[in-house]
Amino acid sequence: MEVKLINEINLNFNTIEQILFNRGIAIEDMEDFLHTPDDVIHPFQDLDNITIARDCFLKHYQKKSKILIQVDCDTDGYTSAAELYNYLRANYPEVDLEYQVHDDKTHGLEITEDILNKRYNLIFIPDAGSEQFEEHKKLYDLGIDVIVLDHHNCSYESSNAIVVNNQLSKNYQNKDLSGVGVVWQFCRCLDEDYEFNQHQAPAELFLDLVSLGLNADMMDIKNLETKKLIEYGLRQIEEQNSWNNTFLNGLIHKQTYSMTGERVYHGQEITPMGILFYIAPLINAVTRVGTHEEREIVFKAFLEDAVEQEVPSIKRGHKPGDTETILEQAKRIVTNVKNRQKKHRDEAFIVFEKNITEDYLNTHSVIFIDAKGALDKNLNGLVANQIIGKYNRPALVMSKFTTEDGIVKYAGSARGVDGDICHDFRKFILNSGLAEYAQGHPNAFGVCFTEENLKTFLEYATEQLPYNKIEDTLNVDFVFEAADLNPQTVLDIGSLAPYWGNGFKEAIVAIKNIKITSQNKTLMSPDKNPTLKIMVGNIGFIKFKIDPAFFETLAPNNYTSTIVDIIGKCNINNWNGNSYPQILIENFEVKGNITDF
């Protein structure tokens with residue numbers, strides 16, 4: 001179990017400063033990161049075309065036009081569309097507003113018969129649509145206005161739509177604002193609408209949805225505006241304000257134990273990682289593998305004018321005529337769909353892992369999996385995530401198809417490993433000049449190659465990216481001898497829990513030469529969830545999912561001790577008003593036994 005310090009320890013830094021330095025935060029920026037001021041929020045005016053978009057909407061509102069919101073198919077898309085819908089409904093009660101949800105995991109505007117028949121006069125595309133130039137032109141020719149509120153990279157600005165996009169706005173310095181943040185700035189712009197401004201619900205009331213969307217879309221939390229918006233939204237959730245989103249509030253209560261360790265939610269601290277691991281995956285699962293009906297119900301649950309509606313019950317054991325609220329149904333759906341998704345994903349990964357081993361695919365810098373059409377394309381990205389989690393290198397999960405003109409191509413999902421070797425896998429692919437397209441985020445995107453160019457790219461990547469040459473070494477923030485580990489150090493690192501998020505990864509520590517004895521080890525919950533607990537002084541070391549038989553081999557009797565090295569994450573265990581330092585064990589290595597006399 002080899003470890004390497006991310007950076008040499010600077011004796012002039014305290015524990016927290018060393019961690020911030022390890023994550024690329026300059027000394028002069030540390031105070032603002034830890035205590036982010038309110039003035040990091042950019043003026044909405046820094047977004048190009050935002051006042052033009054506002055005026056376009058107000059024109060249509062005055063004319064009582066019929067307006068459509070296209071719902072994009074991921075959590076950022078759902079929260080973006082729901083934020084816009086709820087804001088407009090609350091503040092412009094006469095607005096004639098509809099929405100449409102994709103039949104499958106498709107991004108951007110879907111031009112339906114209703115659109116072609118000019119049912120709508122204005123279409124909003126939140127969290128997508130910047131590069132749908134053909135669709136913009138088609139709608140322009142039909143006399144339909146289009147407002148894009150997006151954050152994805154785009155080659156140029158459309159001349160047939162009003163595009164509000166932080167990537168295209170040179171004055172908007174935050175490029176880590178997702179679609180839900182751009183929508184929030186549009187709502188702020190409408191808050192300045194004095195002619196119609198009798199707003200009962202200003203933009204700031206929707207920050208809980210903003211926080212969810214930013215977290216789910218993996219925006220870099222080191223960007224201070226993004227970090228501040230996430231903080232605002234999480235504090236709003238914790239305060240349990242009456243205007244909080246009803247469905248999101250329901251999910252928080254449903255997932256309370258996973259996020260806080262307590263059965264009932266009563267305002268406990270919610271962290272970005274809690275949202276990222278226990279809330280966002282529920283929505284993402286529905287957008288990936290849910291049926292159209294399940295997607296509709298879950299999106300409706302985000303809408304304040306629909307969430308309490310009674311619908312026919314689909315609860316197990318229901319009787320004819322039974323009903324339940326959309327809220328109740330949606331909370332159950334997200335859990336069921338996530339379990340269904342996990343089953344399909346895990347089954348596929350077992351097959352692909354066998355392929356990786358038998359075909360020596362992990363000898364290449366980029367692991368390519370030919371899904372052979374056997375995997376639901378919406379699960380490509382999830383399987384790719386599992387591959388990089390195990391093999392620590394980029395992955396392509398793709399399927400072959402043949403174009404009408406007979407060209408064989410592969411299309412699917414790409415996932416990269418953000419690190420020293422390749423910070424932006426999408427950019428690396430684009431710079432190779434071999435891809436047909438690579439669209440999405442730096443390390444999570446859709447990609448397509450011709451069969452010939454794919455082979456060339458895999459060879460090129462192995463030459464350029466030395467993933468296949470690096471040793472199996474884990475980068476850590478600190479290496480401690482067990483005898484020297486201070487409980488306060490563990491508490492200091494654990495105190496950063498509200499800051500961990502994408503771009504600010506949780507600290508990893510290595511502790512060497514921990515002595516396990518028959519007196520300081522405990523097997524907790526042996527029947528249901530076997531968990532190893534080791535007490536070394538005042539510090540608890542916790543390892544979940546331990547094999548009870550293995551537990552018995554550690555310090556097997558009163559005169560034999562076991563020496564181990566561990567890698568883990570520092571945590572604060574709050575119990576009965578007191579705070580106790582503990583380390584959650586990620587991995588450990590048994591070095592041997594010693595006899596005590």
Side-chain angles (χ1 to χ4, degrees), residues 1 3 14-16 18-19 256-263 268-271 273-274 277-278 474 476-500 505-594 596:
M1 193 168 64
V3 298
N14 62 34
T15 302
I16 291 176
Q18 181 70 51
I19 291 170
T256 293
Y257 186 75
S258 296
M259 291 192 292
T260 72
E262 298 184 41
R263 298 291 180 184
Q268 301 95 309
E269 182 177 65
I270 301 295
T271 66
M273 295 296 280
F277 280 101
Y278 300 111
L474 181 66
V476 299
D477 289 276
F478 299 98
V479 178
F480 300 106
E481 285 291 329
D484 300 329
L485 182 57
N486 188 323
Q488 188 58 50
T489 300
V490 178
L491 292 171
D492 287 344
I493 299 174
S495 72
L496 290 174
Y499 299 87
W500 307 133
K505 294 181 179 179
E506 191 167 358
I508 303 289
V509 299
I511 299 95
K512 293 182 173 294
N513 298 312
I514 296 172
K515 184 178 181 180
I516 303 176
T517 70
S518 58
Q519 287 77 40
N520 73 358
K521 70 168 187 174
T522 306
L523 183 62
M524 302 187 298
S525 189
D527 297 326
K528 293 184 178 180
N529 301 295
T531 300
L532 168 67
K533 181 176 183 180
I534 309 163
M535 287 300 301
V536 179
N538 294 321
I539 302 172
F541 293 81
I542 306 294
K543 175 64 176 174
F544 298 107
K545 298 181 180 179
I546 193 80
D547 184 347
F550 177 71
F551 172 84
E552 296 299 332
T553 69
L554 301 172
N557 51 55
N558 291 334
Y559 50 84
T560 303
S561 300
T562 301
I563 306 301
V564 300
D565 292 345
I566 75 102
I567 292 171
K569 297 178 178 179
C570 298
N571 179 259
I572 299 175
N573 180 24
N574 294 305
W575 182 256
N576 286 337
N578 296 311
S579 298
Y580 302 96
Q582 67 180 17
I583 293 179
L584 305 180
I585 300 172
E586 298 280 302
N587 197 3
F588 68 95
E589 180 179 25
V590 175
K591 300 180 70 176
N593 290 336
I594 60 173
D596 299 313

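Taken to the nearest 0.5 Å, the CG atom of Leu496 stands 13.5 Å off from the NZ atom of Lys569. Ile563 contributes atom CD1, which lies 9.5 Å from atom CD1 of Ile514 (distance to the nearest 0.5 angstrom). One distance of note links OG of Ser561 with CG of Leu554; it measures 11.0 Å at 0.5 Å rounding.
For Phe478, the side chain to side chain contact (heavy atoms under 4.5 Å, CB included) criterion is met by Ile9, Thr15, Gln18, Ile19, Phe480, Ile493, Val509, not counting sequence neighbours. Residues forming a side chain to side chain donor-acceptor pair (under 3.5 Å) with Thr517 (at least two apart in sequence, or on another chain): Asn520. Looking at residues two or more places apart in sequence or on another chain, you find a side chain to side chain contact (heavy atoms under 4.5 Å, CB included) between Ser518 and Asn558. Residues passing the side chain to side chain donor-acceptor pair (under 3.5 Å) test with Asn513, sequence neighbours excluded: Glu481, Lys591. Annotation: side chain to side chain donor-acceptor pair (under 3.5 Å) contacts of Lys515 (sequence neighbours excluded): Asp596. For Glu269, the side chain to side chain donor-acceptor pair (under 3.5 Å) criterion is met by no residue, not counting sequence neighbours.
Residues Leu584 and Gln582 have side chains in contact (heavy-atom distance under 4.5 Å, counting atoms from C-beta outward). A 4.5 Å side-chain heavy-atom check between Leu474 and Asn587 finds every atom pair outside the cut-off.
The heavy-atom pair separating Ile516 from Lys521 by the smallest distance is CG2-CB, 3.9 Å. Nearest heavy-atom pair across Thr271 and Pro498 is CG2-CA, 4.2 Å. When every heavy atom of Glu262 is checked against every heavy atom of Thr256, the shortest pair comes out as O-CG2, 3.1 Å. Nearest heavy-atom pair across Pro556 and Thr562 is CD-OG1, 4.5 Å. Between Leu491 and Ile572, the shortest heavy-atom contact is O-CD1, 3.5 Å. Closest of all the heavy-atom pairs between Met524 and Ile542 is CE-CD1, 4.2 Å.
The ring pair (Phe, Tyr, Trp, His ring centres under 6.0 Å) contacts involving residues 549-593 comprise Phe550-Phe588, where partners must be two or more places apart or lie in separate chains. Residue pairs satisfying the salt bridge (Lys or Arg N to Asp or Glu O under 4.0 Å) criterion with at least one member in residues 543-558, sequence neighbours excluded, are absent. Screening residues 483-500 for side chain to side chain donor-acceptor pair (under 3.5 Å) gives Gln488-Asp492 as the qualifying pairs, with residues at least two apart or on separate chains.
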What side-chain donor-acceptor pairs closer than 3.5 Å can you find for residues 525-541, not counting sequence neighbours?
from, atom 1, to, atom 2, distance (Å)
Ser525, OG, Asn529, N, 3.3
Thr531, OG1, Asn529, O, 2.9

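No donor-acceptor pair under 3.5 Å is formed between the side chain of Asn571 and the backbone N or O of Ile583.
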